[in-house]
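Let me begin by presenting the structure, written as structure tokens, before commenting on it.
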Amino acid sequence: MNDLRELYQEVIFDHYRKPRNFRRMNDANHSAEGYNPLCGDKVTVYLKVEDGHISDASFEGSGCAISTASASLMTDSLKGKSEAEALQMLEEFHGMVTGPIAGGAPAALGKLKALAGVREFPQRVKCATLAWHTLQAALKNQHDKVTTE
Ligand code: ZN
């Protein structure tokens with residue numbers, strides 16, 4: 001179990017140091033901004049949705065390791081997904097970081113399972129879910145800033 005935990009921490013640290021898809025997307029057709037006042041995390045999520053599928057996803061912002069790794073892993077996982085699949089993933093992710101441990105994390109979450117340990121730190125759950133709340137707003141093209149409070 002300790003090895004697994006270390007591996008997960010390594011994934012989070014790696015995505016924090018070298019965030020994937022960390023760039024403004026000038027031709028995005030969906031975007032939204034999110035803010036987690038509890039920790040000071042800020043994120044803007046950009047999506048390019050074509051024929052109901054997410055062909056590209058990126059983000060910008062500044063935040064703690066958990067919020068940055070979550071946005072990095074999320075944008076990586078979104079590419080090629082339909083909007084419905086993205087919302088399903090959001091629900092599974094939310095369940096994983098807030099729900100009971102029984103049954104474990106859904107296999108479909110892949111690398112995102114690195115963030116499963118967050119549920120043991122309730123004050124960090126909002127860091128982990130910020131990018132996802134912002135994703136939801138982006139898909140709906142809600143332009144009011146999302147806040148976790
Ligand atoms: Zn944070």
Side-chain angles (χ1 to χ4, degrees), residues 5-99 105-149:
R5 193 159 291 209
E6 253 166 55
L7 173 74
Y8 281 175
Q9 280 173 355
E10 217 169 274
V11 171
I12 291 170
F13 188 60
D14 178 51
H15 278 261
Y16 175 52
R17 264 193 337 184
K18 293 178 290 185
R20 319 302 196 264
N21 314 301
F22 189 85
R23 61 190 153 84
R24 168 180 289 277
M25 196 193 297
N26 289 321
D27 58 347
N29 53 11
H30 290 260
S31 67
E33 272 178 74
Y35 177 51
N36 172 18
L38 216 61
C39 177
D41 307 315
K42 288 181 193 153
V43 69
T44 304
V45 171
Y46 301 98
L47 301 173
K48 198 195 287 177
V49 182
E50 292 169 310
D51 301 327
H53 281 76
I54 297 168
S55 59
D56 201 6
S58 71
F59 77 103
E60 272 187 327
S62 61
C64 65
I66 299 288
S67 69
T68 304
S70 184
S72 174
L73 286 158
M74 180 188 83
T75 48
D76 246 6
S77 306
L78 284 174
K79 291 182 202 174
K81 296 278 192 302
S82 69
E83 288 186 58
E85 286 168 336
L87 291 172
Q88 166 85 27
M89 207 158 69
L90 184 159
E91 220 165 273
E92 287 176 354
F93 183 82
H94 203 261
M96 177 181 78
V97 295
T98 57
L109 288 176
K111 279 184 297 179
L112 288 161
K113 286 188 289 188
L115 289 157
V118 165
R119 75 184 138 213
E120 287 163 43
F121 306 92
Q123 73 277 20
R124 308 315 297 274
V125 168
K126 285 175 177 169
C127 301
T129 54
L130 175 65
W132 295 84
H133 288 302
T134 311
L135 162 71
Q136 196 168 26
L139 283 171
K140 292 184 190 159
N141 262 334
Q142 278 173 357
H143 291 298
D144 299 337
K145 191 179 267 191
V146 179
T147 157
T148 53
E149 290 305 296

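Numbers here are sequence positions counted from 1. Just so you know, these numbers use all the heavy atoms, side chains as well, and skip hydrogens, waters and symmetry mates.
With a 6.0 Å radius and a threshold of 12 heavy atoms from other residues, nucleotides or ligands, Arg23 has its CZ atom above the threshold. Counting heavy-atom neighbours within 6.0 Å of Lys48 NZ, excluding the residue itself, gives a total above 12.
Of the candidates Thr75, Asp76, Asp14, Arg20 forms a side chain to side chain donor-acceptor pair (under 3.5 Å) with just one, namely Asp14.
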Apply side-chain contact (heavy atoms from CB on, under 4.5 Å) to the pair Lys81 and Met89, showing each step before the final yes or no. CA-CA 10 Å; Lys81 296 278 192 302; Met89 207 158 69; 3.9 Å; yes
Derivation of the side-chain contact (heavy atoms from CB on, under 4.5 Å) call for Ile12 and Thr68: CA-CA 9 Å; Ile12 291 170; Thr68 304; over 6 Å; no
Could you walk me through whether Arg124 and Val97 pass the side-chain contact (heavy atoms from CB on, under 4.5 Å) test, one step at a time? CA-CA 9 Å; Arg124 308 315 297 274; Val97 295; over 6 Å; no
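With Ser58 contributing its side chain and Phe22 its backbone, the two residues share no donor-acceptor pair below 3.5 Å. Here the side chain of Glu85 pairs a donor or acceptor atom with the backbone of Ser82 at under 3.5 angstrom. With Ser77 contributing its side chain and Leu73 its backbone, the two residues share a donor-acceptor pair below 3.5 Å. Panel note: side chain His30, backbone Ala138; a donor-acceptor pair is recorded below 3.5 Å. Side-chain atoms of Asp41 come within 3.5 Å of backbone atoms of Cys64 as a donor-acceptor pair (strictly under, hydrogens ignored). Side-chain N or O atoms of Thr134 include none that pairs as donor or acceptor with a backbone N or O of Ala32 at under 3.5 Å. Distance alone, capped at 3.5 Å, places no donor-acceptor pair between the Asn36 side chain and the Leu130 backbone. Arg119 places a side-chain N or O within 3.5 Å of a backbone atom of Met96 that can act as its donor or acceptor partner. The main-chain N or O of Tyr46 is never found under 3.5 Å from a side-chain atom of Ser31 such that the two would form a donor-acceptor pair.
Taking the side chain as every heavy atom from C-beta outward, Tyr16 and Ser72 never approach each other to under 4.5 Å.
For Lys79 and Asn21, the side-chain atoms include at least one donor-acceptor pair closer than 3.5 Å. Using modelled atom types, one finds a donor on one side chain and an acceptor on the other under 3.5 Å when comparing Glu50 with Ser55.
Here the NE2 atom belonging to His94 is positioned 10.0 Å from the CD atom belonging to Glu91, to the nearest 0.5 angstrom. With rounding to the nearest 0.5 angstrom, the OG1 atom of Thr44 is 7.5 Å from the CZ atom of Arg24. Here CE of Met25 is found 6.5 Å from CG of Leu47. Values are rounded to the nearest 0.5 Å.
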